[in-house]
Amino acid sequence: MKYLVLTSIMLLCSCSKQNSETEHLQNQIDSLQANAYKPGFGDFMSSIQVHHNKLWFAGKNENWKLADFEITEIEENITDLKKFCKDRPETKSIGMIDVPLENLKTAIKKQSTKDFGDEYLILTNTCNSCHQKTKHEYNVITIPTAPPYSNQDFKPQNGK
Ligand code: HEC
């Protein structure tokens, strides 16, 4: 009997110790989540802007590998935007970019300079349609006239 009481007390003690440890860990997780850096809508858009620009010069140089890389970067940004910006009402409209991206991807796979030009224009118009729809019409996207940086060569390597 004496042992039983003692064991029960010990069990109770270890249990409540575990509880307070769990609570402590949960508090730490909550605080990490609250303070974790979350990229905003504008961060994704600024990144998309750079890839949209580079994509043009990749296509114009018939550097199809680079073009495929750049369009994939845009797609990845869209996927992350959907995940991280769920709470923004504008995110509901992001789907309008899916078909233009898909068609441009097909042009890149076909290695067709003509289709690339046509589909790139449609993509760019879609950027602006969404900006108009979400009352950000003052962000006007155009076909770029110069690459974003001077330290990148857009010509295909090894003549391919
Ligand atoms: C949801 C529809 C939507 C689509 C599609 C879209 N945008 Fe945006 N874009 C927005 C919204 C909303 C903002 C304002 C973001 C903010 O609040 O910071 C924005 C802002 C921007 C900005 C300004 C970013 C800054 O902080 O200076 C750029 C540049 C931009 N978009 C580029 C593009 C490009 C390029 C495309 C097409 C490849 C595109 N966007 C497609 C909704 C969209």
Side-chain angles (χ1 to χ4, degrees), residues 21-160:
E21 267 171 18
T22 313
E23 205 174 303
H24 178 66
L25 279 173
Q26 189 58 52
N27 285 342
Q28 275 187 327
I29 292 169
D30 290 348
S31 131
L32 278 171
Q33 275 176 343
N35 294 313
Y37 172 74
K38 282 198 204 98
F41 212 115
D43 297 319
F44 289 115
M45 283 294 149
S46 297
S47 174
I48 289 171
Q49 178 179 25
V50 172
H51 295 297
H52 172 265
N53 181 313
K54 289 186 179 185
L55 178 56
W56 176 252
F57 291 98
K60 283 293 114 183
N61 283 277
E62 303 196 336
N63 189 343
W64 304 116
K65 276 187 188 164
L66 180 62
D68 185 57
F69 173 81
E70 294 300 346
I71 199 164
T72 305
E73 291 294 311
I74 296 180
E75 288 172 335
E76 283 173 9
N77 270 282
I78 302 279
T79 306
D80 288 348
L81 185 152
K82 285 181 190 157
K83 186 168 138 197
F84 287 102
C85 304
K86 278 200 191 93
D87 50 334
R88 286 277 299 256
E90 294 96 329
T91 306
K92 288 195 191 77
S93 304
I94 198 74
M96 71 166 78
I97 206 172
D98 292 349
V99 173
L101 275 175
E102 210 44 59
N103 292 342
L104 184 52
K105 221 170 173 168
T106 306
I108 294 167
K109 282 216 177 75
K110 272 166 63 184
Q111 309 200 340
S112 160
T113 313
K114 157 119 193 17
D115 288 3
F116 178 86
D118 293 348
E119 298 302 341
Y120 189 92
L121 185 63
I122 295 174
L123 174 71
T124 308
N125 289 339
T126 310
C127 305
N128 291 322
S129 300
C130 198
H131 292 165
Q132 280 154 18
K133 193 175 173 196
T134 57
K135 300 193 170 63
H136 289 90
E137 72 292 341
Y138 44 84
N139 279 309
V140 181
I141 307 303
T142 59
I143 292 187
T145 52
Y149 306 107
S150 61
N151 59 353
Q152 186 168 358
D153 186 358
F154 289 89
K155 284 191 285 301
Q157 298 302 295
N158 310 321
K160 276 181 216 145

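Computation of the quantities below employed the complete heavy-atom set of this structure, encompassing side-chain atoms and omitting hydrogens, waters and symmetry-equivalent molecules. One-based numbering, in listed order, for ligands and for the atoms of each.
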- Message: Side chains of Asn77 and Glu73 only: does a donor on one sit below 3.5 Å from an acceptor on the other?
- Response: no

- What protein heavy atom sits nearest atom 32 (C) of ligand 1, and how far off is it? Ile141 CD1, 3.5 Å

- Check: Asn63 side chain, Phe154 main-chain N or O, donor-acceptor pair, under 3.5 Å: yes

- Query: How close does the nearest protein non-hydrogen atom get to atom 3 (C) of ligand 1, and which residue and atom is it?
  - Reply: Cys130 SG, 2.6 Å

- Task: Look at ligand 1 and say whether Lys92 reaches it with a heavy atom at a distance under 4.0 Å.
- Result: no

- Message: Donor-acceptor pair, distance only, cut-off 3.5 Å: does the side chain of Ser47 make one with the backbone of Asp43?
- Response: no

- Under 4.0 Å from one or more heavy atoms of Cys127, ligand 1 contributes atoms 34 (C), 35 (C), 36 (C), 37 (C), 38 (C), 39 (C), 41 (C)

- Item | Atom nearest to atom 8 (Fe) of ligand 1 - His131, N, O or S atoms considered | NE2

- Side chains of Trp56 and Glu70: closer than 4.5 Å at any heavy-atom pair? no

- Query: Between Ile94 and ligand 1, which part of the residue brings a heavy atom under 4.0 Å of the ligand: side chain, backbone, both or neither?
  - Reply: both

- Message: Out of Lys133, His51, His52, His136, who is nearest to atom 12 (C) of ligand 1 when you count heavy atoms only?
- Response: His136

- Message: Closer than 3.5 angstrom, by distance alone: can the side chain of Ser31 be matched with the main-chain N or O of Asn27 as a donor-acceptor pair?
- Response: no

- Message: Tell me if a side-chain donor or acceptor on Asp80 pairs with a main-chain N or O of Cys85 at a distance below 3.5 Å.
- Response: no

- Atoms in ligand 1 flagged as close to Glu90, the criterion being non-hydrogen separation under 4.0 Å: 1 (C), 12 (C)

- Note on the structure: Nearest non-hydrogen protein atom to atom 11 (C) of ligand 1, with distance, is Phe41 CE2, 3.6 Å

- Query: Which protein non-hydrogen atom lies closest to atom 26 (O) of ligand 1, naming both residue and atom, and how far is it?
  - Reply: Ser46 OG, 3.7 Å

- Is there at least one pair of N or O atoms, one from Thr134 and one from ligand 1, spaced under 3.5 Å apart? no

- Message: Do Ile143 and Lys60 make a side-chain contact, defined as non-hydrogen atoms from C-beta onward lying under 4.5 Å apart?
- Response: no

- Are Tyr138 and His131 an aromatic pair by the rule of ring centers under 6.0 Å? no

- Query: Is a side-chain N or O of Thr91 found less than 3.5 angstrom from the main chain of Asp87, in a donor-acceptor match?
  - Reply: no

- Looking only at protein heavy atoms, what sits closest to atom 17 (O) of ligand 1 is Arg88 NH2, 2.8 Å

- atom 23 (C) of ligand 1 has as its nearest protein heavy atom Asn139 OD1, 3.4 Å

- In terms of atom number and element, which parts of ligand 1 are under 4.0 angstrom from non-hydrogen atoms of Gln49? 29 (C)

- Query: At what distance is the nearest protein heavy atom to atom 19 (C) of ligand 1, and which residue and atom is it?
  - Reply: Met45 CG, 3.4 Å

- State, yes or no, whether a side-chain contact exists between Asp153 and Phe57 at a heavy-atom distance under 4.5 Å. no

